[in-house]
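Worksheet: one structure, shown below.
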Amino acid sequence: MKKLLFLIPAVLATSAVQANIPINGTVESKCVIQTDTDGVYGNPTADKLSTTSADGGVVPIIRYDIITADAYKAVVTTPNSFSSSPTLDDVVEWTSSTSVGETSDAGMSAFETNKVTYNNGHSTEFDLTIAGCVWYNVSSVAEYGYGKAFPAGNYTALITAECIAQ
């Protein structure tokens, strides 16, 4: 009996004890997107809405602050529909472009040279290979039907700007 009492604590002492200890972390983007200038559609003709200044519009400008070079790509997607508008019973044809405007580093002109456009011209991708600030100008034109007038009302379209880690 004494031997049994001695063996029980010895067996318990050899049992393994285990615990799972978490390690947590937070990653903050080293690429920041800000709206520099809100876009405004001008209405130069009854069937056209345009952000170009010649048409009475205001070109939206998006600022990217790149803290870490070669870690992100910028993707700017222009509208191909209205997020809100009066009821439209005909087709709206969209044309747009995204281009490098101002930069904090002359070498960023390569962003424009090396950009890739896809999604019928609505998405533009830039490799952010240099740290600093770059401003992108976005033009958007919507033409309604075939010479058909846009109904009166408020029109809103959205640009999507992304920093995608590479």
Side-chain angles (χ1 to χ4, degrees), residues 27-166:
V27 175
E28 293 186 21
S29 178
K30 304 296 186 230
C31 178
V32 179
I33 304 169
Q34 299 178 19
T35 301
D36 190 67
T37 304
D38 289 331
V40 177
Y41 280 117
N43 187 212
T45 60
D47 65 338
K48 182 177 181 181
L49 294 172
S50 171
T51 60
T52 62
S53 59
D55 290 336
V58 175
V59 172
I61 300 173
I62 304 163
R63 175 181 166 170
Y64 278 72
D65 295 329
I66 308 150
I67 294 124
T68 304
D70 285 321
Y72 298 91
K73 65 181 174 182
V75 177
V76 178
T77 303
T78 57
N80 60 8
S81 64
F82 291 110
S83 58
S84 68
S85 70
T87 301
L88 301 173
D89 60 1
D90 208 335
V91 175
V92 177
E93 176 144 344
W94 295 85
T95 54
S96 61
S97 67
T98 302
S99 60
V100 173
E102 299 293 321
T103 63
S104 65
D105 185 306
M108 291 176 167
S109 63
F111 291 4
E112 180 69 20
T113 305
N114 299 328
K115 72 182 181 182
V116 176
T117 304
Y118 54 94
N119 190 20
N120 290 326
H122 290 285
S123 295
T124 307
E125 187 176 299
F126 303 87
D127 283 327
L128 303 178
T129 55
I130 299 172
C133 300
V134 61
W135 289 261
Y136 293 106
N137 301 326
V138 182
S139 71
S140 176
V141 177
E143 295 184 88
Y144 188 50
Y146 181 74
K148 198 170 187 180
F150 274 109
N154 294 318
Y155 291 80
T156 302
L158 300 175
I159 298 167
T160 302
E162 302 173 272
C163 275
I164 299 174
Q166 298 193 80

Rounded to the nearest 0.5 angstrom, the OH-CD1 distance for Tyr72 and Ile33 is 10.5 Å
Mind jotting down which residue pairs meet the salt bridge (charged side-chain N to carboxylate O under 4.0 Å, His left out) criterion with at least one end in residues 77-86? Sequence neighbours excluded, please. none
Compare every heavy atom of Cys133 with every heavy atom of Arg63, then report the nearest pair and how far apart it is. NH2-SG, 3.4 Å
Measure the OG-CG distance between Ser85 and Asn154 for me, rounded to the nearest 0.5 Å. 10.0 Å
Looking just at side-chain N and O atoms, do Asp47 and Thr45 make a donor-acceptor pair shorter than 3.5 Å? yes
Could you check whether Phe126 and Tyr136 have their ring centres less than 6.0 Å apart? yes
In terms of heavy-atom contacts, Tyr41 and Ala157 come closest through OH-CB, 3.6 Å
Rounding to 0.5 Å, atoms CD1 (Ile66) and OG (Ser104) come to a distance of 7.5 Å
Quickly, which of Ile62, Val76, Thr77 forms a side-chain contact (heavy atoms from CB on, under 4.5 Å) with Thr98? Name it, please. Val76
For residues Thr37 and Val59, determine if any side-chain heavy atom of one lies less than 4.5 Å from a side-chain heavy atom of the other. no
Working to the nearest 0.5 Å, report the span between CG of Asn137 and CD of Glu112. 9.5 Å
Can you find a pair of side-chain heavy atoms, one from Pro151 and one from Thr87, that are under 4.5 Å apart? no
Could you check whether Ser140 and Thr51, counting side-chain N and O atoms only, form a donor-acceptor pair closer than 3.5 Å? no
According to salt bridge (charged side-chain N to carboxylate O under 4.0 Å, His left out), does anything in residues 66-76 pair up with another residue at least two apart or in another chain? List the pairs. Lys73-Glu125
Is Lys148 close to Leu88 at the side-chain level, that is, under 4.5 Å between some pair of heavy atoms? no
Chi angles and distances behind the side chain to side chain contact (heavy atoms under 4.5 Å, CB included) call for Val100, Met108: CA-CA 8 Å; Val100 173; Met108 291 176 167; 5.6 Å; no
Do the ring planes of Tyr144 and Phe150 sit parallel (below 30°), tilted (30 to 60°) or perpendicular (above 60°)? parallel
Please report the closest heavy-atom contact between Thr117 and Gly121, naming both atoms and the distance. CG2-CA, 3.5 Å
One should read off an interatomic distance between Leu158 CG and Asn80 CG, to the nearest 0.5 angstrom, of 11.0 Å
Separation between CZ (Phe111) and CD1 (Ile130), nearest 0.5 Å, reads 5.0 Å
Compare all side-chain heavy atoms of Lys115 with those of Ser99 and state whether any distance is below 4.5 angstrom. yes
